[in-house]
> 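My structure is below; once you've seen it, I'll send some questions.
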Amino acid sequence: MSLLPLAHPPRSICILRLSALGDISHTLPVLRIVQDNWPQTKITWVIGKIEYGLVYDIPGVDFIIFDKARGWRAYLDVFRALHGRHFDVLLHMQMSLRASILSLLIKAPIRLGFDRTRAKDGQWLFTNHKIPYHARQHVIDSFTSFTKTLGIDHQIIRWDMPIPQEAKDFADKLLPTGRKILVIS
């Protein structure tokens, strides 16, 4: 008998997505979907040090920073931060050996990862549930497959990242006022 989709909202979820700024921004809608549908669920995000700087001020999220520049000591830092903590669900959203090794430090009975077809670096070995395979799927669709697999059908995509006042002040100083600006990223 499969545990997924979940019959009840979990008390706690741990998101494991360390790196790639673009993928971190694509993880944000997953976080928002959980917050919108399960507001009582506590969310912890294990994230890279640089990437943390992009999302550090999102309310309602406990961040655990993995600083890969510290080498093996970074794993010890995360181990200490997770000591005694248990989660209902781990969303193992990164296909890398580094992330999979870190996943071993996260205690959760439901360990949801990518399907075996897409799971690189043996990520499928570190999970006990998989999102369904879809060929040629955009990254945001594959990421929201995590929340759909958990049973969340109401999926509103939001990238509403808080913008700190110092960033707004910096932009006001840098950009001319009264003119239209086109940004291509």
> For residues 88-106, pull every pair meeting salt bridge (charged side-chain N to carboxylate O under 4.0 Å, His left out), keeping only residues two or more places apart or in separate chains.
Arg11-Asp88
> What closest approach, in Å, do Ile181 and Pro176 show between heavy atoms, and which atom pair accounts for it?
CD1-O, 4.1 Å
> Sequence neighbours left out, what passes side-chain hydrogen bond (donor to acceptor under 3.5 Å, both in side chains) with Arg118? Give chain and number order.
Asp115, Gln137
> I'd like to know if the side chain of Gln123 and the backbone of Met93 have a donor-acceptor N/O pair within less than 3.5 Å.
no
> Shortest non-hydrogen contact from Thr149 to Ser145?
OG1-O, 2.7 Å
> Between Tyr75 and Phe66, is the gap from one ring center to the other below 6.0 Å?
yes
> So does Arg17 pair up with Asp23, basic N to acidic O under 4.0 Å?
yes
> With sequence neighbours left out, write down each residue that passes side-chain hydrogen bond (donor to acceptor under 3.5 Å, both in side chains) with Ser100, or none if nothing qualifies.
His92
> Please indicate whether Ile50 has more than 12 foreign heavy atoms, meaning atoms of other residues, nucleotides or ligands, lying under 6.0 Å from its CD1.
no
> Any chance you could measure Leu150, atom CG, to Leu6, atom CG, to the nearest 0.5 Å?
5.0 Å
> Taking the side chain as everything from C-beta on, heavy atoms only, tell me whether Thr44 gets closer than 4.5 Å to Ile13.
no
> Rounded to the nearest 0.5 Å, what's the gap from NZ on Lys107 to OG on Ser12? Could you check?
14.0 Å
> To the nearest 0.5 Å, tell me how far Phe87 CZ sits from Ile43 CD1.
11.0 Å
> Please check if the side chain of Trp159 supplies one atom and the backbone of Ser25 the other of a donor-acceptor pair under 3.5 Å.
yes
> Would you check if Ile140 and Pro29 make a side-chain contact, meaning some heavy-atom pair closer than 4.5 Å?
yes
> I'd like to know whether CD of Gln40 has more than 12 heavy-atom contacts from other residues, nucleotides or ligands below 6.0 angstrom.
no
> For residues Ile131 and Ser142, report the shortest heavy-atom separation together with the two atoms involved.
CD1-O, 3.5 Å
> Is the Phe114 to Phe126 ring centre distance short of 6.0 Å?
no
> Is there a donor-acceptor contact under 3.5 Å from the side chain of Asp77 to the main chain of Ile65?
no
> Quick check against the 3.5 Å criterion: does His26 have a side-chain atom that pairs as donor or acceptor with the backbone of Gly22?
yes
> Which residues pass the salt bridge (Lys or Arg N to Asp or Glu O under 4.0 Å) test with Arg111, sequence neighbours left out?
none
> Can you see which heavy atom on Pro9 is nearest to which on Thr41, and at what distance?
CB-OG1, 4.2 Å
> Looking at Asp153, I'd like to know if its CG atom is crowded, meaning that more than 12 non-hydrogen atoms belonging to other residues, nucleotides or ligands lie closer than 6.0 Å.
no
> Please identify which of these residues, Ile24, Val61, Ile64, Leu18, meets the side chain to side chain contact (heavy atoms under 4.5 Å, CB included) condition with Ile47.
Ile24
> Take Ile33 and Trp38 through the test side chain to side chain contact (heavy atoms under 4.5 Å, CB included) and record every step on the way to the result.
CA-CA 8 Å; Ile33 289 168; Trp38 296 334; over 6 Å; no
> Holding to salt bridge (Lys or Arg N to Asp or Glu O under 4.0 Å), I want the full list of residues that pass it with Asp160, two or more places apart in sequence or in another chain.
Arg32, Arg158
> Write out all pairs satisfying side chain to side chain donor-acceptor pair (under 3.5 Å) with one or both partners inside residues 56-69, taking only residues at least two apart or from two chains.
Asp62-Arg85
> Can you see which heavy atom on Leu82 is nearest to which on Leu105, and at what distance?
CD1-O, 3.6 Å
